[in-house]
Amino acid sequence: MNRAIEKKWQEKWVNSGLFDTDPNSMEKLFITVAFPYPSGAMHIGHGRTYTVPDVYGRFKRMQGYNVLFPMAWHVTGSPVIGIAKRIQERDKWTLDLYEKVHKVSKADIDKLSNPEYIVEYFSGQYHDVMVSMGYSIDWRREFKTTDETYKKFIEWQIRKLKSMSLVNKGKHPVKYCPKCNNPVGDHDLLDGESASINELTLIKFEIDGKFLTPATFRPETIYGVSNLWLNPDVKYNLVNSGAESWIISEKSYNNLSNQIKDLKIIEEVDPKALIGKFVKNPVTGENHPVLPASFVDPEFGTGVVFSVPAHAPADYIALQDLKNNSKLLNEYNLNDLVDNIKILNVITLKNYGEIPAKEIIEKNNVKNQNDPNLEEATNQLYKIEHSKGIINLDIPVYGGEKVAIARDKIKLEMIDESNAEIMYDFSQHPVICRCGANVVVKIMDDQWFLKYSDEDWKVKARECLADENIIPSEVRTNLSYYIGWLEDWACSRRSGLGTKLPWDKQWLIEPLSDSTIYMAYYTIVKYFKDLNIGDLNDEFFDFVFLGKNSESLDIKPSLLSKIRDEFNYWYPLDWRLSGKDLVGNHLTFHMFHHSAIFKKNQWPKGMVVFGMGLLEGRKMSSSKGNVVLLSDAIEEYGADVVRLFLTSSAEPWQDFDWREKEVKGIKRRLKWFFEFSDKIKNIKGSSINLNDIKEIKLEKEIDHWLISQLNLRLKDATAALEVFQTRKALQDSLFLLKKDIDHYLFRVENREDESVIYVLSTLFKTWIKILTPFAPHSCEELWQNHGGEGFISNEKWPQYDLKLIDEKIAKSEEIIENLIKDILQIKKIIKKDVNKIHIYPSQDWKWSVYEIASEIAKPDIGQIISRSIKEDVTSDKKELSQFAKKIAKEMTKTNYVGKIDEIAILTNEKEFISKQINSKIIIHENDSFDPENKSKQSIPYKPAIYIE
RNA sequence: GCGGGGGUGCCCGAGCUGGUCAAAGGGGACAGGCUUAGGACCUGUUGACAUAGGUCUACCAGGGUUCGAAUCCCUGCUCCCGCACCA
């Protein structure tokens, strides 16, 4: 097989429009794969994703389905904007990546500074590579998500959802880069990728008409406050929030000002001047002193902390540190204040006393407030108090309640009375944008959201999931989890490529939100070239997809109904294939949107989720340069080899590992298959013609055996393919079947009779059809070279014949193989000269006992003996009992398929056996010659052996 | 933390609705055949022991259920993946 032959067939397929699919009277099958975002070259990891549906589609086409397999390009979004910018800035790393990994020519690389060109360039390349992989795609339906017609479709979708109140304006905290002026995702970060956004309660403690505003995870501890902490070594500012004045750290302003409207800096405040003064607790009304502590982080929260020494290890130890620091105490004149501090218990915890913080500090051996163990101690206590703690009975109103419940109530009460506000901060610092700036938490308040939090919508999405086939099945739990977990999803963006929000044009529709129901668009896109863009209004889509009124549409009614009929023909989508990284978003959104927009009978019917690709055992990654481009792989090995490797080395949902040695193994295997017909030719003396196979009545067991194996392999492969088990299908139909053929050829060596030719030709004719979905180019070529008419891609998938799958024949073959093995083994052990070998097949009565044993189906020796006696299988009871013991053990190791005429098969294969063991053999029908009394040892399927 | 999935022979991996499992298949290694040689191809070996087809030890560790466990149950250890405004 060479590339020229593959190209020849690819051209023939395209020119004949073989895979262009329109509605017809056959049963339809509609499969899609997540369309690619073409921001780089296609590598073998991508290759697997598209090869699996192609194999499945080709298989189903051969089974007589009308299969639609379309492809499009998801080009909306922002990554290419960043890439283009970096190219423009001549960023060395990016240029290298695109020249060396994505192999963009020097001539083209500069043009990549235009984001539109990037997607244009790579989608063109994707298209070409997909063609050269031989994918059976209906290219008439190819589109980009920036096409004007697609935008019309997206506008319709988003308006539809808005009309159902599933799109709302809302508030949401996001990671935000003030320098880029944009929300940022984790992949946009240089540092702090794993930081999450946490909610804090900012509580106002009055001081001289102003407020100190510590922020806390644990608002319930407001009842246990002993003092406030300020860090005397950091800068603080007085800021105005509405009518109030707050004192917060200078560094926290950056974050907080993105959350609280019109937060204005008034002046700097000296923390040292506040130390020793008193603040008023807004809930208890008590006064607490302000004290100095070095552990207070100016970047976290507001840079102000309230101290709950009973429950916060840091507070407790800071208090101890202060007590031991006479210099500090004297500097601020705090001796009396500190002596008067009372430690108050708020939370009761089983197995802990009044001051759990103290206990946990001792347990973790924390020495001072700068000890690294402090964090661990804090985490331990926070967790246990949240899950197991009860509010102290002395606390008014909330006493006796669980902490987890009281916390929210106390927070809400304080907010209600304007004593507190919500703020957000990261779980860790720093969080740094790719541009180098510090990222903050910003509350976006003019954002548009898809209301995935809506309970009714979740119910529908779950219903959609319940009716779907999910492969592999464990993903169902995942999907269900995500449906529950999804909150409102911000569906508008400031930058990137995409469709504008029709009612608020300053926003673009977020690129995951525009790729949820696009499968519907495939079904009708080919008509758009005949329509005006103005025709594609909401009424048009309402009619085509939902069957609503079409009176005012200015489109020929016959065309209009043809479009609607086509949609109705293809929908619902039968299978959606996608990488497992998309489970939590694309695939879940897909169910949400379908269930909201379409009628129930048009909801998707199945999903297949893929694993990832490894390269020589390491994770594949373009950015790390650890990839093999699909185009290079095709050049080096040929498309069929690549297809076979990608589908045979792992099941679709497992990770596959591209190992060059193993790819070469596949190449050898394909070559063997491709040259198989030459072997037949050599035996026959002339080429096979598939239309002219001379049928022969088979007489030899081994001929039946191969036909039986063929049918068995075909049966197993067909069943496997039905559920996307490409690996198992190939294991059966390529690897194991090849082994069967090897074995057969070995057994029939030197036989050149017509049965061999018939058996091999019949097998060949079926075999090339089974492998057509996997290696279509090779199979087309073989088909054509051996008299096949038209495309083999159009041939019917072969039918297996259950009657030809014969367990007894398989068993007979096994008997012969095992006998040879056993004799060789014995010869090896006894190490003496061998004259003749005597073989004693099992006596009839032993078969009867085995039959009885297999009916009992348990190694129950007593029962086997008693039933054998009852049925009078033999008169020699002593031998019977010995044999029963043996058979009881043996039967757990073999599969009983019924009585086999061992004498006949051994006699037939006498010559072969004799040749294999290199000794003369004698088959005895009785024990008239049995000097060592070996014949007693025979067991059904295991004749006795005596070596002379 | 929450959710999901794993740990099998030199390596990758199948098996895991309990007995046909010393455990498929591939890769690697070794031996033999073929070949001018190499490659390719074919056959065999690749846990240990064994002068009769056997025995022992094995599927992360420990315990249990069973006539019987890689497969079922419990406990522990350990590895991988996802957790959002991003394709």
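If you check B:rA24 for Watson-Crick or wobble pairing at under 3.5 angstrom, you find it has no partner at all. When both pairing distances are held under 3.5 Å, B:rA14 makes no Watson-Crick or G-U pair with any nucleotide shown.
Residue contacts for A:Lys827: at a heavy-atom cut-off of 4.0 Å it reaches no nucleic acid atom on any strand shown. As judged by a 4.0 angstrom heavy-atom cut-off over every strand, A:Lys667 is placed among residues making no nucleic acid contact.
For A:Glu487, the listed nucleotide lying nearest its side chain is B:rA84; candidates were B:rG53, B:rA87, B:rA84. Listed nucleotides B:rG26, B:rG3, B:rA87 differ in distance to A:Pro79; the shortest reach to its side chain belongs to B:rA87. Closest contact between the side chain of A:Asp742 and the listed nucleotides B:rG25, B:rG53, B:rU43 involves B:rU43. Of the candidates B:rU20, B:rA84, B:rA52, the closest approach to any side-chain atom of A:Leu486 belongs to B:rA84. Here B:rG13 is the nucleotide among B:rG3, B:rG25, B:rG13 with the atom lying nearest to any side-chain atom of A:Gln654. Among the nucleotides B:rC42, B:rC86, B:rA52, the one closest to any side-chain atom of A:Tyr946 is B:rA52. Closest approach to the A:Lys661 side chain among B:rG25, B:rG27, B:rC42 is made by B:rG27 (side chain taken as heavy atoms from C-beta onward). Nearest to the side chain of A:Arg727, among B:rU55, B:rA24, B:rC2, sits B:rA24. Distance from the side chain of A:Arg659 is smallest for B:rC11 among the nucleotides B:rC11, B:rC86, B:rA52.
Within a 6.0 Å radius of NZ in A:Lys169, more than 12 heavy atoms belonging to other residues, nucleotides or ligands are found.
Put simply, A:Lys580 has no side-chain N or O that comes within less than 4.0 Å of OP1 or OP2 on B:rG82. Remark: A:Ser78 is in phosphate contact with B:rA87, judged by side-chain N or O atoms under 4.0 Å from OP1 or OP2. Between A:Lys738 and the phosphate of B:rC42, there is a side-chain N or O to OP1/OP2 separation shorter than 4.0 Å.
A donor and an acceptor atom, one from each side chain of A:Thr76 and A:Asp514, are located under 3.5 Å apart. A donor-acceptor contact under 3.5 angstrom links the side chains of A:Gln506 and A:Arg494, judged on distance only.
Checked against a 6.0 Å centroid threshold, the rings of A:Trp73 and A:Tyr37 do not count as neighbours. Checked against a 6.0 Å centroid threshold, the rings of A:Tyr382 and A:Phe217 do not count as neighbours.
Comparing the P positions of B:rU36 and B:rC11 gives a spacing of 39 Å, expressed to the nearest Å.
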